[in-house]
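The structure appears below as structure tokens.
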Amino acid sequence: MAGHFWMFMPSWPFPATHYSELIMRITVCIAAMLSMACYAGIAEGNPVDRNAGVNQDIQALRSLEAGDESMVKGASAAARLRDASDCKLMDFLHAMKGAKPVGKNWLLGIANKRYLKEKGAVQSELGSFLADTSNDPEARYTVFSWLTEADTDLRMKLLPGFLDDPSPELRYAAVQQVLESTPEADRLKTLLSSARHPSQIVEIINRLDKAGVVIDQREHFGFLSEWKLIGPFDHVGGHNFEKAFPVEGDWQKGSRAPVYEGKAGEVKWIDHTTSHKEGLVDLASLYNKEKGCIVYGVTEFESPIAGPAEIRMGCINGNRVWVNGELVMSNEVYHSSMQIDQYIEPIVLVKGTNRILIKICQNEQKEGWAQDYQFQIRISDSTGLAITAK
Amino acid sequence: MKTALRLESMFARWGSVMSGFLVLATNLGISAVARADWPQFRGVSSNAVELNADLPIEFDGATGKNVAWKVSIPGRSVGGAIVVGNQVITTSSVGMDERRVRLHSYDVESGGQNWVQEFVARGRPYCHPTSANAAPTPTSDGSRVYTFYSSNDLACVDLEGNLIWYRSLTSDFVKAFNDTGMSSSPIVIEGVCIVQIECQGESFVAGINAENGTLLWKKDRPRKSNWSSPISYKNSEGKSVVVIHSGSDLVGLDPKTGESIWMKDISCSTVPSSLAFENRLYVPSRGLVAYDLSSSGEPSELWKSSRIGIDSSSPLVLKDRIYTIKGPAVYSGDIYTGEVKWQARVAEGSVWSSPIVAQDRMYLFAMDGKCSVTQLGDSEGVRLSLNELGEDVLGTPAIAGNAMYVRSVSSLWKIAK
């Protein structure tokens with residue numbers, strides 16, 4: 001638990017070392033721990049000592065996913081819980097831990113209204129909930145918003161403690177607060193290690209650059225820069241997004257032929273290393289602004305670790321990505337914006353060589369804004385921190 | 001035809017009087033259903049006109065002249081506000097990537113906040129920097145409010161802000177997104193919430209059961225970006241028809257089933273919405289096309305005009321004129337022939353919101369928050385004033401009583417004498 005908890009305790013007229021304060025703090029801590037032990041039952045699906053119907057309804061909301069069956073279940077459970085007298089705001093916040101994303105929003109929808117009714121009585125509990133990083137990150141950010149939207153001083157006081165918080169939203173807000181204070185270069189360098197959101201990272205690197213401190217942006221993000229590319233293959237009419245050209249099958253089997261039949265005759269692999277600071281590979285310039293086509297790219301990522309990770313791609317064209325033979329990303333979308341980390345998917349890395357295959361599809365739109373043909377890819381942990389190849 | 005117009009105008013006035021009684025009844029607690037003064041994007045009929053509203057001609061954000069109240073709202077919104085009974089309701093999106101989507105209710109008299117609801121966007125929240133995840137205007141059937149976001153999060157709350165249901169349409173249809181942002185505003189008709197999600201990915205229009213959020217029907221749409229909103233009208237048999245348009249078609253749908261009632265191959269503009277008013281359908285399409293809706297069958301074309309300019313703003317009808325916006329100019333066209341009667345430069349700066357009319361004066365906000373007020377005459381439009389709020393405005397204002405509610409990107413304003 002972080003140290004913010006104490007900020008939500010009543011102000012005491014005694015020096016910090018006074019015994020009565022110590023006793024009171026210990027008492028509040030014990031009460032909070034008992035309370036958390038009780039709520040842990042809800043979060044883990046074990047009914048606590050209360051109306052069984054209420055627990056069932058909260059559990060029902062926690063498990064809601066997409067689809068009509070969920071809608072029917074959710075609407076009836078929410079109707080019962082809205083005015084139920086034997087459950088409280090904190091029940092819904094604790095229940096968000098481990099809940100399905102859709103289910104969390106149902107819980108949040110009820111919690112928001114409960115907060116308006118109960119806020120006068122639960123400030124201390126909310127404080128300890130926010131400070132406990134084991135609680136649901138989205139629920140914690142909600143609590144942070146409730147507590148600080150009308151209290152700028154508290155917001156300023158709390159945010160520095162969230163610079164390395166597991167909640168992406170709290171971390172983002174903390175980094176933003178420092179950025180708004182126009183920090184010096186040394187502070188910016190420290191801030192860079194906390195920042196995870198691409199826009200903030202780019203902002204910090206740009207500011208450092210102006211201060212004379214050069215950071216290799218491509219390296220910081222960990223963009224994959226060395227590719228073997230082959231194409232163009234036929235994609236006229238946009239019909240071949242899912243078609244497996246022989247390149248795909250060969251790569252999955254661990255091989256690749258030196259030459260394939262392309263859109264207009266034989267095509268060969270080319271080696272390409274991007275030095276672009278955002279890791280952009282510009283296929284339009286490499287393939288003479290070809291339209292209605294597909295280019296494949298392969299690379300090997302030497303991972304220093306084994307285990308869960310994320311592949312993060314920015315691409316303004318249709319794209320598919322395979323990691324170690326498994327299709328992990330598929331977006332049949334063209335010219336609908338592009339940004340760093342536009343598409344994020346979980347992957348499992350093996351220690352050592354991880355084989356990556358990408359398929360980038362260009363359509364035949366003629367508008368000036370629909371001519372880009374490019375991508376950028378990186379591998380990160382679940383917070384967005386680059387995993388750097390060995 | 002002019003007699004018919006006068007009669008319609010008279011009925012409109014009677015409707016207004018009856019609405020007043022309804023408000024009184026609501027205030028006395030007689031009905032649990034609030035009057036929806038301006039329940040959706042462009043108001044009750046999607047024709048953004050209030051003949052009896054007496055709005056100030058001049059107002060000023062800096063000095064507070066004719067600003068009854070203003071509330072700052074964290075985050076951003078480019079949608080319009082709606083007014084339901086004594087509540088003015090608007091959206092916002094806030095925080096990292098605008099992932100937190102909110103619905104706010106304020107008291108029309110004081111501007112005090114009644115309640116706020118919030119959800120975490122489960123769809124993709126990304127959009128162009130000028131837009132926002134909170135882009136669509138919410139809608140109400142008078143007892144509930146339906147709020148929708150670019151990220152395809154759709155929620156229904158009652159008038160006290162209690163959650164009735166929440167649905168993540170991106171969780172249902174994972175490839176339905178546009179990272180430039182989407183902005184189509186939903187409508188509710190005969191117990192069905194209609195959402196139009198047209199993008200390069202999975203593109204569709206759907207009818208959602210307003211009661212519990214279940215999917216009644218879903219119809220595939222062209223996989224091209226489209227930001228226009230659905231509208232509705234009643235045909236000569238009294239049956240409701242939903243109208244949607246895209247870059248490649250214009251379609252009339254049964255709101256209960258989604259079945260196509262009629263369809264036309266026509267390339268329509270993909271930002272402004274159509275208007276169905278007094279048995280005519282006006283469709284932005286390389287200018288404007290007007291159709292006759294007086295029969296229950298397929299609408300027949302009345303006229304087509306490439307001279308009536310139209311960009312992002314949706315059209316409106318006042319008396320026997322159709323008004324559109326192109327660049328800084330307002331166009332006044334004859335509703336019977338499409339002939340351009342006059343055009344006048346009124347706006348300064350680019351315009352994304354749609355104009356509204358109170359009495360015979362048009363209020364049009366440019367993106368930078370400058371609002372031109374133009375007297376609409378038979379032979380000319382005369383700009384009466386140019387008023388600055390000092391904040392960007394992309395949403396279409398709402399009118400209720402003698403007040404205009406303006407959602408700027410960062411605030412909500414009540415403009416009244």
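Only a predicted model underlies this, so the values are computations on that prediction, with no experimental measurement involved. By convention in this document, chain letters (A, B, ...) are assigned in the order of the sequence lines, proteins followed by strands, and residues within each chain are numbered from 1. Just so it is clear, the values below take in all heavy atoms, side chains as well, and ignore hydrogens, waters and symmetry mates.
Of the possible donor and acceptor atoms, none in the side chain of A:E169 sits under 3.5 Å from a partner among the backbone N and O of B:G95. Between the B:K175 side chain and the A:S330 main chain, a donor and an acceptor come within less than 3.5 Å of each other. With hydrogens and angles disregarded, a donor-acceptor distance shorter than 3.5 Å links the side chain of B:R124 to the backbone of A:Q342. Between the side chain of B:R167 and the backbone N or O of A:M71, no donor-acceptor pair lies under 3.5 Å.
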- request: Assess whether side-chain contact (heavy atoms from CB on, under 4.5 Å) is satisfied between A:N331 and B:F177, documenting all intermediate values.
  value: CA-CA 10 Å; A:N331 298 290; B:F177 64 86; 4.2 Å; yes

- prompt: Do A:T142 and B:R100 pass the side-chain hydrogen bond (donor to acceptor under 3.5 Å, both in side chains) test, and can you show the C-alpha distance, the side-chain angles, and the key distance before you say yes or no?
  reply: CA-CA 9 Å; A:T142 296; B:R100 297 281 171 152; 2.6 Å; yes

- request: Kindly indicate, with the supporting measurements, whether the criterion side-chain contact (heavy atoms from CB on, under 4.5 Å) is fulfilled by B:R102 and A:S145.
  value: CA-CA 12 Å; B:R102 293 179 177 169; A:S145 299; 4.0 Å; yes

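The residue among A:M338, A:Q339, A:K104, A:Q365 with the most heavy atom pairs within less than 4.5 Å of chain B is A:Q339. Contacts with chain B were tallied for A:P101, A:A111, A:G318, A:S199; A:P101 has the most, counting heavy-atom pairs under 4.5 Å. Ranked by non-hydrogen atom pairs under 4.5 Å with chain A, the options B:V116, B:V157, B:N209, B:D97 are led by B:D97. When the candidates B:S225, B:S171, B:A155 are compared by the number of heavy-atom contacts under 4.5 Å with chain A, B:S171 comes out ahead. In terms of heavy-atom pairs under 4.5 Å with chain A, the best-connected choice from B:M96, B:E211, B:E202 is B:M96. Chain B forms more heavy-atom pairs under 4.5 Å with one residue of A:D83, A:D68, A:I110, A:N105 than with any other, namely A:N105.
The contact between A:Y334 and chain B is made by backbone and side chain atoms together, counting heavy-atom distances below 4.5 Å. For chain B, the nearby parts of A:Y343 are the backbone and the side chain; heavy atoms of each come within less than 4.5 Å. Only the side chain of B:D153 has a heavy atom closer than 4.5 Å to any heavy atom of chain A. Heavy atoms closer than 4.5 Å to chain A are found nowhere in B:V174, neither backbone nor side chain. Interface residue A:E149: only side-chain heavy atoms are found under 4.5 Å from chain B.
Scanning both residues, A:K113 and B:Q117, for their nearest heavy atoms gives CG-NE2, 3.8 Å. For B:Q200 against A:V333, the heavy-atom pair with the smallest separation is CB-CG1, 3.8 Å. Closest approach of B:I164 to A:W106, counting heavy atoms only: O-CZ3, 3.7 Å. When all heavy atoms are compared, the tightest approach of A:A66 to B:D172 is CB-OD1, 3.3 Å. Between A:A75 and B:N212, the closest heavy-atom pair is CB-CB, 4.3 Å.
A salt bridge between A:E138 and B:R122 is present, with a side-chain N of the basic residue lying under 4.0 Å from a carboxylate O of the acidic one. Salt bridge A:K117/B:E160: absent, no basic N to carboxylate O contact under 4.0 Å.
The environment of CD in A:E69 is sparse: at most 12 heavy-atom neighbours from other residues, nucleotides or ligands sit within 6.0 Å. Few gaps surround CH2 on A:W146; more than 12 heavy atoms of other groups in view lie less than 6.0 Å from it. No more than 12 heavy-atom neighbours from other residues, nucleotides or ligands sit within 6.0 angstrom of NZ on B:K224. Enclosure of atom NZ in A:K100 is not indicated, since only 12 or fewer non-hydrogen atoms of other residues, nucleotides or ligands lie within 6.0 angstrom.
The distance from the CZ atom of B:F119 to the CG atom of A:L108 is 7.0 Å, given to the nearest 0.5 Å.
Side-chain contact check for A:N112 and B:E118: no donor-acceptor pair (N or O, by modelled atom type) lies under 3.5 Å. Residues B:D179 and A:S336 have side chains that never bring a donor and an acceptor to within less than 3.5 angstrom of each other.
In terms of the ring pair (Phe, Tyr, Trp, His ring centres under 6.0 Å) criterion, A:H335 has no residue partners (sequence neighbours excluded).
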